[in-house]
Amino acid sequence: IPFLPLRTSTPDTDMAILYGTLRGSVVGLRYYTGIVNNNEMVALQREPNNPYDKNAVKVNNVNGDQVGHIKKELAAALAGIMDNKLAVVEGVVPYGAKNAFTMPVQMSFWGREENKEIVLDQLKRHGFKLALPLKGNSLPVSLWISGRAGPSYSAPVHAAVQLTTNQLKSEFDKLFEDLKEDDKTCEMEGAEAVGTPLLPHQKQALAWMVSRENSNDLPPFWEKRSNFYYNILTNFAEKQRPENVLGGILADDMGLGKTLTTIALILTNFQDGKPLPVEKITSDKFYEDQFEQHIHQDFHVNIYVHYGSDRSKDPSVLSEQDIVLTTYNTLATDYGIRGDSPLHKVKWLRIVLDEGHTIRNPNAQQTKAALNLEAHRRWVLTGTPIQNSVKDLWSLISFLKLKPFTDREWWHRTIQRPVTMGAPGGLGRLQSLIRSITLRRTKTTKVKGKPILELPERRVLIQYVTLTEEERQIYQSVKKEGKAAISGFFSEGTVLTHYADILGVLLRLRQLCCHPRLCINTSSSFSADNKIPEELHETLVRKMKLVLSSGSDEECAVCLESLTLPVITQCAHVFCKPCIFEVIRREQPNAKCPFCRNELRVEHLVECPLEEEIDSSNRKKLDQEWISSSKINALMHALIELRRDNPTAKCLVVSQFTTFLSLMENPLKESGFAFTRLDGSMAQKKRVEAIRCFQSSQAGSPTVMLLSLKAGGVGLNLTAASRVFLMDPAWNPAAEDQCFDRCHRLGQKHNVVITKFIVKNSVEENMLKIQNKKRELAAGAFATKKPSATEVKQTKINEIKALIDL
DNA sequence: ACCGCCGGGTGCC
DNA sequence: ACCGCCGGGTGCC
């Protein structure tokens, strides 16, 4: 598989080593307004379109104001190195900052080990020679701090004292440890309009959030020195007071009530330190899930759900609201495709990113869209703040607009590199940064000596199911056929071009484990060749739907995030529309599919037709005479037994296949169960009604909820249920866990028992094995880096082999 | 003097 | 720039 660097065009600075340093000069100072201090960091930026010299290299201060240019002879040497990304060149002005015409600049060259010789050689050809970094002194800071240290002839070092993965991990664990020591234990009552009483830890969070919003403090790492403000990391100074973020990161564990606390914050500290001035009117207006739950019924709060594009082109509609709810996809699509998103035309009082850690790819449209929302109060809610690395943290910090970290270079030079290279004080910096803007409590954190949350026990049982003879026969024949086809792909080496077909085989096997009716009409063709366009179009749409509905949690291979506006290529690979457009634009005129390197053309991309119920065509077939299946029998048996023991116990019946859920309606009715249903295709109003109804403790309220695995976000609260029946395993164990957490969360009064139905000797059993592997991986590896697209593919190929016993 | 030396003009890339 | 560099003016001691 040809490797294609998909993720970012900047060199991976994580692997960078210091090649050496060089003293040069900055000229033309009198033509520019940017000023610097002695020892201040400067940025070197190529200016290939300079009319006087195509080699020009600009020198900018931390604020981005140009200070001058690198002297032309040196620029000539740097241009090639910078343009070919052979090294990252960073500068510090050691002295002479007040000079009128030229000033010195101490440059450090960073890059990958394998490029070192090329860089040294290129410099040599222009008559420059790097001074080698001092041993054990990975960061050349001390070189310039001590003044004009000349070139050093000490022994060269290659890598600095890099921390091992484990060391780094344990350091990160400590990162949050003493967060609570601070002044984060004051409590504050929510405004009257907050309908739900706050728990002590939530009152603490509210007090902290309000104090952050009303704070007059300088942002972290800034000091006032006589009549200017000074940044102690970059040594940058300015007259104008740097704006602090009136917000931060609420990083409590899942289930501690981040959303509730934020609702309380909005209502309590709405504007100018005062609560939202709501009229005391009973309203029949419909409110979105959680927001409705927690806002007192006697108050009238305008909540608007913005689904984007066509719904409101007029920003004034948005600005009239008290609260606007929207999704990342709406945010990204509006912003990226239309470029005139109404969301970006409003000056917001505050912006809250819920599950903010999902914003982690700096190139993703979502990140840019979120960053460009205008508001002084900016919050990130996340249960997993430093999920993978310091790198991911940057997106959050950058969203908060903390000077100077909005620019990746300054984040990297002042925090990320010192931390990963183990420079003295690096971790301390990160820690004090996190401490000043983050509040994090875990489920085991104690408030006044008591644990925050005392959740009831949660047990997961696996209930094996044996197929009937008839079911087994169908299963085996489909398996035999599929296995033959897949082996064929392996021997041809066309696994990736037939990825959708393979998923199709696996999907049908998984469906057959549930109910023979499920895989009607999903037969796939194994070749898309020689088809007339219309037919091809249909095939592609069907394949895309297959991928999207197979519950495999497909990610876009370009941005490695969940699919935004999925489109399928002619080679049957699915990507985010903006991502693949970008690839085509960048590689034109000969763009290739990032997955399989087949030819790519914009006019050959097929979009996913608007969300219709994917199995609607199957609906008719379901109306045929109803038949049961081994799994349905197992479920019904369990449900009836449960009802006998405890008639009021409520359960969730979860499946990835909404058709399967439909098939269960019949026996539930026949056995006299009151049930409700929640799946992704339902309109908001129906969803809310289904939840309300199920959560109700009234006699006669439903005791069973048919729930599609991915319905609803993490916020979905189904605590009325104390039993969960997971009808079919998911690829991703985290998706299952998240589903279980919908009832095993704050507010759950009973022990929770989860039953997973798994068909013996089937693809489902193999899926369990893969799940366990994924769990181990997630628990053990504090991933130093995200797997590359190639690694993702290889893992998937291995999984395919394991799944179909190859 | 096809040099040296002087002193004025001048100045990023 | 209280520099370097350029190019014109100039030319024994």
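Just so it is clear, the values below take in all heavy atoms, side chains as well, and ignore hydrogens, waters and symmetry mates. Values in this document were obtained by computation on a predicted structure and should not be read as measured data. Order of the sequence lines fixes the chain letters, A, B, ..., with proteins taken first and strands second; residue numbering starts at 1 for each chain.
With hydrogens and angles ignored, a donor-acceptor pair under 3.5 angstrom links the side chain of A:Y32 to the base of B:dC12.
The CG atom of A:L44 sits 15 Å away from the C1' atom of B:dC12 (whole-angstrom rounding). Distance, A:N55 CG to B:dC12 P: 17 Å, rounded to whole Å. Protein atom CD of A:Q66 is 13 Å distant from nucleotide atom P of B:dC12, rounded to whole Å. Whole-Å rounding puts the A:E73 CD to C:dC5 C1' distance at 13 Å. One can place CZ of A:R30 at 17 Å from P of C:dC3, the figure rounded to the nearest angstrom. Regarding A:K54, its NZ atom lies at a distance of 13 Å from the C1' atom of B:dC13, rounded to whole Å. The separation between A:D53 atom CG and B:dG11 atom P is 18 Å, rounded to whole Å. B:dC12 atom P lies 21 Å from atom CG of A:N49, rounded to whole Å.
The side-chain ring of A:Y52 is not stacked on the base of B:dC12, judged by centre separation under 5.5 angstrom and plane angle under 30 degrees. Under the stacking criterion of a centre-to-centre distance below 5.5 angstrom and an interplanar angle below 30°, A:F101 sits stacked against the six-membered ring of C:dA1.
Between the C1' atoms of C:dA1 and C:dC6, the separation comes to 15 Å (whole Å). Comparing B:dC2 with C:dC13, their C1' atoms are spaced 25 Å from each other, to the whole Å.
Here ring pair (Phe, Tyr, Trp, His ring centres under 6.0 Å) pairs that include residues 28-59 of chain A, with residues two or more places apart or in two chains, are A:Y32-A:H69. Under the salt bridge (Lys or Arg N to Asp or Glu O under 4.0 Å) criterion, the residue pairs touching residues 42-52 of chain A are A:R46-A:D83, with sequence neighbours excluded.
One finds a side-chain N or O of A:K72 lying less than 4.0 angstrom from the OP1 or OP2 phosphate oxygen of B:dC13.
At a threshold of 4.0 angstrom between heavy atoms, the contacts of A:L29 with the nucleic acid are absent. Nucleic acid contact for A:K71: sugar-phosphate only, since backbone atoms but no base atoms lie under 4.0 Å from a heavy atom of the residue.
Remark: A:N216 CG is loosely packed, at most 12 non-hydrogen atoms of other residues, nucleotides or ligands lying under 6.0 Å away.
Both the sub-6.0 Å distance and the 45° axial angle are not jointly satisfied by A:R350 relative to the ring of A:W379.
Pairing for B:dG9 goes to C:dC5, judged as Watson-Crick or G-U wobble with the two contacts each under 3.5 Å.
Between the side chains of A:T327 and A:T330, at least one donor-acceptor pair of N or O atoms lies under 3.5 Å.
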